[in-house]
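Below is one structure, written out as structure tokens; comments come after it.
Both counts, for ligands and for their atoms, begin at 1 and track the order of listing. Residue indices begin at 1 and follow the sequence shown.
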Amino acid sequence: MSNNREKLIEVKNVKQYFKVGGGVVKAIDDVTFDIYKGETFGLVGESGSGKSTTGRTIIRLYDATAGEVLFDGENVHGKKSKADLKKFNRKMQMIFQDPYASLNPRMTVADIIAEGIDIHGLAKNKEDRMRRVYELLETVGLNREHASRYPHEFSGGQRQRIGIARALAVEPEFIIADEPISALDVSIQAQVVNLLKKLQKEKGLTYLFIAHDLSMVKYISDRIGVMYHGKIVELATSEELYEHPIHPYTKSLLSAIPLPDPDYERNRKRIVYDPSQHNYGGEEPVMREIRPGHFVLCSEAEYKRYKELYQ
Ligand code: ADP
Ligand code: MG
């Protein structure tokens, strides 16, 4: 983990409510966390828990219903000049789950990768533009022959590499990777994770890494936030979360991870999370620190019990 404890991203009491039909979907409901410079923050939770909405709100695809997001101390929402917006667009990039859907099938790989270079006027001339494209292709483990081809000519893993090259093209500081490996074969998943790790080291990148299960995030994340129904229910370093899970939802996610150990598998019991077990009454649960740097969403009574059990 980065020893540098400077905050790059501060998500403060963010709510994102969507009006759907006559009702309201609380996609994010009062979420607060920081991402430190150079670290990978993993965001984990089942489908529909609000992970993508959190990413999209940080990157300003949505205006927050409430709360604020700071990038390097600056509020990314609210009134912004065109120049400010362009600056943020360059600093924050996104990598998506389905690289095929996010790559324009009618554009060559070179044009896909160079799109941001063109928008931000980063290349001095045509030669410089192509030089950058070739360099980016090599950086992500592809080669210059790939530049003139189209997305359908590539495998899933290669397409994800193109998506990564496109994100890197504008020299961002922060990348949101929204389930970047969920659609890939297990053997390819590790390659993409390793590539992301290598790039982080070389370029000092900061990541928000989104996943729906806890199996891979452990290896890439410094800290992890577990999301359930629009809220973060537990937040700790990756190691701490695996060694000392506290919230019952986190325990259920951990119990779902298969391990290549027959003894373990024979005895592995899936824990089913039952939210009614909390019995909050009228009390609004809040994030409380149970162990150093380890926060759990809990009521006053649960806090006392967790402290006794886990401190
Ligand atoms: P995740 O990425 O964890 O699967 P999402 O952030 O995509 O979850 O969605 C969280 C909730 O918000 C879901 O109930 C989803 O249907 C809803 N939602 C997401 N985006 C929108 C939108 N643009 N309009 C209405 N509802 C949305
Ligand atoms: Mg999602």
For ligand 1, list every N/O pair with the protein closer than 3.5 Å, one pair per line with the distance.
residue: ligand 1; atom: 2 (O); partner: Ser52; partner atom: N; Å: 2.9
residue: ligand 1; atom: 2 (O); partner: Ser52; partner atom: OG; Å: 2.9
residue: ligand 1; atom: 3 (O); partner: Ser49; partner atom: N; Å: 3.2
residue: ligand 1; atom: 3 (O); partner: Ser49; partner atom: OG; Å: 3.4
residue: ligand 1; atom: 3 (O); partner: Gly50; partner atom: N; Å: 3.0
residue: ligand 1; atom: 3 (O); partner: Lys51; partner atom: N; Å: 3.0
residue: ligand 1; atom: 3 (O); partner: Lys51; partner atom: NZ; Å: 2.7
residue: ligand 1; atom: 4 (O); partner: Gly48; partner atom: N; Å: 2.7
residue: ligand 1; atom: 6 (O); partner: Thr53; partner atom: N; Å: 2.9
residue: ligand 1; atom: 6 (O); partner: Thr53; partner atom: OG1; Å: 2.5
residue: ligand 1; atom: 8 (O); partner: Gly50; partner atom: N; Å: 3.2
residue: ligand 1; atom: 23 (N); partner: Tyr62; partner atom: OH; Å: 3.4

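- Judged by a 6.0 Å distance limit and a 45° cone about the ring axis, Arg5 is positioned over the six-membered ring of Tyr36.
- When all heavy atoms of Ile28 and Met227 are compared, the pair lying nearest together is CG2-CE, 4.2 Å.
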Please list every donor-acceptor pair under 3.5 Å in which a side-chain atom of residues 172-180 meets a protein atom from a residue at least two apart or in another chain.
residue: Asp178; atom: OD1; partner: Ser52; partner atom: OG; Å: 3.4
residue: Asp178; atom: OD2; partner: Ser52; partner atom: OG; Å: 2.6
residue: Glu179; atom: OE1; partner: Ser182; partner atom: OG; Å: 2.7
residue: Glu179; atom: OE1; partner: His212; partner atom: ND1; Å: 2.7

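- A distance-only check finds no donor-acceptor pair linking the side chain of His278 to the backbone of Tyr280 [under 3.5 Å].
- No hydrogens or angles considered: nothing links the side chains of Thr53 and Gln16 as a donor-acceptor pair under 3.5 Å.
- Around the Mg ion (ligand 2), the protein atoms of type N, O or S that sit closer than 2.8 Å are Ser52 OG.
- A side-chain donor-acceptor contact under 3.5 Å links Ser215 and Asp213.
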Using residues 134-142 as the side-chain source, report each donor-acceptor pair under 3.5 Å to any protein atom, sequence neighbours left out, with the distance given to one decimal.
residue: Glu135; atom: OE1; partner: Arg131; partner atom: NH1; Å: 3.1
residue: Thr139; atom: OG1; partner: Glu135; partner atom: O; Å: 2.8

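- Counting heavy atoms of neighbouring residues, nucleotides and ligands inside a 6.0 Å radius, atom NZ of Lys26 does not exceed 12 of them.
- Using a 4.0 Å cut-off between charged nitrogen and carboxylate oxygen, Arg106 and Asp111 do not count as a salt-bridge pair.
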